[in-house]
Amino acid sequence: MIKSRYPAFPYIIFMAIFIVVPLIMVAYFAFTTSSGEFTMQNIIRVGDYVPVIIKSLFLAFIATLICLALGYPFAYIMARKTSNIRRTMFMLIMLPMWMNFLLRTYSWMTILENNGLLNRFLGIFGIGPFEMINTQGAVVLGMVYDYLPFMIVPLYTIMMKMDHSLIQAAQDLGANPLQVFLHVTLPQSLPGISTGITMVFIPSVSTFIISKMLGGGSELMIGDLIEMQFSSNSYNPNLGSAISFILMIIILICMSVMNQFDSDKVEKEGRMVV
Amino acid sequence: MDKNTIISLKDIVVEFDGESVLRHINLDIHNHEFVTLLGPSGCGKTTTLRIIGGFVAPKSGDVFFDGKKINDLPPYKREVNTVFQKYALFPNLNVYENIAFGLRLKKVPDEEIRERVFEMLDLVNMRGFERKDVNLLSGGQQQRVAIARALINKPQVLLLDEPLGALDLKLRKEMQIELKKIQRETKITFIYVTHDQEEALTMSDTVVVMRAGQIQQIGTPIDIYNEPINAFVADFIGESNIIDGVMKKDYLVNFAGRDFDCVDFGFEENENVDVVIRPEDIKISAPEKGQITGKVESIIFKGVHYEIVVIDGNGFNWKIHSTLYEEPGREVGLSVIPDDIHIMHKMTEEEK
């Protein structure tokens, strides 16, 4: 083990320049006017966008929940396959990630459009056309599609590490398959669940590409709101920073709630939940 | 099958990836018995245990529990409990909850759980540890929790898979005595897997010696030690001198260049046999008084006795245990009484 602290210096400097300084700048802009005077006005104006923030949190929450519901069984099954099948499944999960993020989202546009692939296919059977693009459902679909691997990978990793003898011990003591899952598999996979939720929820809540392309601008999210403050006519970096700042605090709260589940201490002091 | 039989294995065959692990195992285990499955690693003893526990399905053959066929019964429905090699305690539960696990699944009332957990804590000498984190316990303590967790379900049969393997020698000896005590107190049938012959002899009522997926011999520790059925068992259970011999006729065997009286009979005339003599059964004397003469090659102090190697005229190395010191290089005589000469059929090539 390297005892010296010197090798850490480049990283500390890197983090200071590219993480700490920008954070301070965001906070600075959030609490000042364009001429640099202190003000609470920006933070107060964020209040106008509470419905957008709530909608963003809601859509991200739904997308995270769907990712968990899809990803957990997938990771569970994958971890129990032979190494060859595992590798193939893992490859298939990662394959879409090799393609550009924008491209992937564009492809969903062409599928969901009013005269897109899906509607034309359904049209063959005389069904539809359905209004699929520019809906909240489309936005959630995009989030799930783009971020599902971020849920599966940490779950899969933790399930591969899982101690199989504990499962046998539980069976031996009379636990049926459901009880084994509730008392052994689930508690052991909590850290993976918590990581997966974090990895999906954060990019989902702050996305602006997905909502713009699949929500068609009618389903504005926090990400779009922030982006508008920096790139469009209504240029207002102070308000943009204030929204970012609030978003950061919201995510921080969400994560600290999540971390309650992460800790090993769950159940240890109390009785097993039957 | 007599009515005292609790578990019965009938012609069990197990294969993993086309390789046969168990070859036609037949075994009856009686109530209240301490049975040890003994053998070198890879002999199939753990697989036999897992067949009984329900974690391995036999390719052919039947498993009976209390007279009922249980081949297709999943582990959680079997009335046996297991103490695993690496304990497999639930890391997210404390000592109390680990032990209570089986009862909680059965929805036993809290009051009764409490009573029985403390009863178990007393049995394994762990009273006062109930609130402890299992990850912070020593190996010996974890083992006790694992035993308590398995016993609280009051199984008819307890399976133990090399439970003392990870403990140091002193702790192992203490736990051997304690396990034997627990078995006597609870009157539960113990099926114990080990590769340690001393452990097997110390604790068991019955020892089952296994090798390459087959049972070699079943008997009491004394039977197995004094009357091993073949050279493998003799060699595996304690140290032995195994020398080639020829059975001249009943009660007369030739080895080491001369004839010896013995107590064995029923062999073919001039049949090639293995002659097995325990190191402690050979007496050292002056050369002219011995049946065999040889030269002391080496002597090692072992505490209770010396381990002496004597080379005879034919170049055979005799292992001898003696409490008396012999000078290396000295000519000595060796003698052995007929009772201590054990004659065994040669193992066929297939058996090897």
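Remember, predicted model here, so these are calculated numbers, not experimental data. Sequence lines set the chain letters: A, B, ... in the order given, protein chains first and strands last, and positions in each chain run from 1.
Checked by atom type and distance alone, the side chain of A:Asp146 never pairs as donor or acceptor with a backbone atom of A:Ile210 at under 3.5 Å.
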Would you list the atom pairs, donor with acceptor, under 3.5 Å between side chains in residues 118-127 of chain B and any protein atom, with sequence neighbours excluded?
| from | atom 1 | to | atom 2 | distance (Å) |
| --- | --- | --- | --- | --- |
| B:Asp122 | OD1 | B:Arg127 | NE | 3.0 |
| B:Asp122 | OD2 | B:Arg127 | NH2 | 3.2 |

Pair up each side-chain donor or acceptor in residues 37-47 of chain B with any protein partner under 3.5 Å, not counting sequence neighbours, and list the distances.
| from | atom 1 | to | atom 2 | distance (Å) |
| --- | --- | --- | --- | --- |
| B:Lys45 | NZ | B:Gly39 | O | 3.2 |
| B:Lys45 | NZ | B:Pro40 | O | 3.4 |
| B:Thr46 | OG1 | B:Asp161 | OD1 | 3.4 |

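Because its NZ or CZ atom is both nearer than 6.0 Å to the ring centre of B:Tyr96 and within 45° of the ring axis, B:Arg131 counts as a cation-pi partner of that residue. Geometric assessment of B:Arg149 against the ring of B:Phe90 yields a positive cation-pi assignment under the 6.0 Å and 45° thresholds.
Contacts between B:Ala150 and chain A at a heavy-atom distance below 4.5 Å involve the backbone alone (N, CA, C, O). Neither the backbone nor the side chain of B:Leu103 comes within contact range of chain A; no heavy atoms are under 4.5 Å apart. Contact of A:Val184 with chain B is made through the side chain alone, with heavy-atom distances under 4.5 Å. In this structure, the portions of B:Asn81 lying under 4.5 Å from any heavy atom of chain A include both its backbone and its side chain.
Of all the listed residues (B:Gln85, B:Glu79, B:Lys86, B:Arg50), the one sharing the greatest number of non-hydrogen pairs under 4.5 Å with chain A is B:Arg50.
Shown here for B:Leu22 and B:Met210, the closest heavy-atom pair between the two residues is CD2-CE, 3.9 Å.
Using a 4.5 Å heavy-atom threshold, the side chains of B:Asp62 and B:Ile12 count as separate.
To the nearest 0.5 Å, atoms CG (A:Leu148) and CE (A:Met143) are separated by 14.0 Å. With rounding to the nearest 0.5 angstrom, the CD atom of B:Gln183 is 9.5 Å from the OG atom of B:Ser204.
Using modelled atom types, one finds a donor on one side chain and an acceptor on the other under 3.5 Å when comparing B:Glu199 with B:Tyr192.
Remark: B:Asp11 does not engage B:Arg23 in a salt bridge, criterion side-chain N to carboxylate O under 4.0 Å. Checked for salt-bridge contact, B:Asp205 and B:Lys180 meet the test: a charged N lies under 4.0 Å from a carboxylate O.
Inspection of non-hydrogen atoms places A:Ser165, A:Leu166, A:Gln168, A:Ala169, A:Ala170, A:Gln171, A:Asp172, A:Leu173, A:Gly174, A:Ala175 of residues 162-175 of chain A under 4.5 Å from chain B. For residues 62-96 of chain A, heavy-atom neighbours of chain B at less than 4.5 Å comprise no residues at all.
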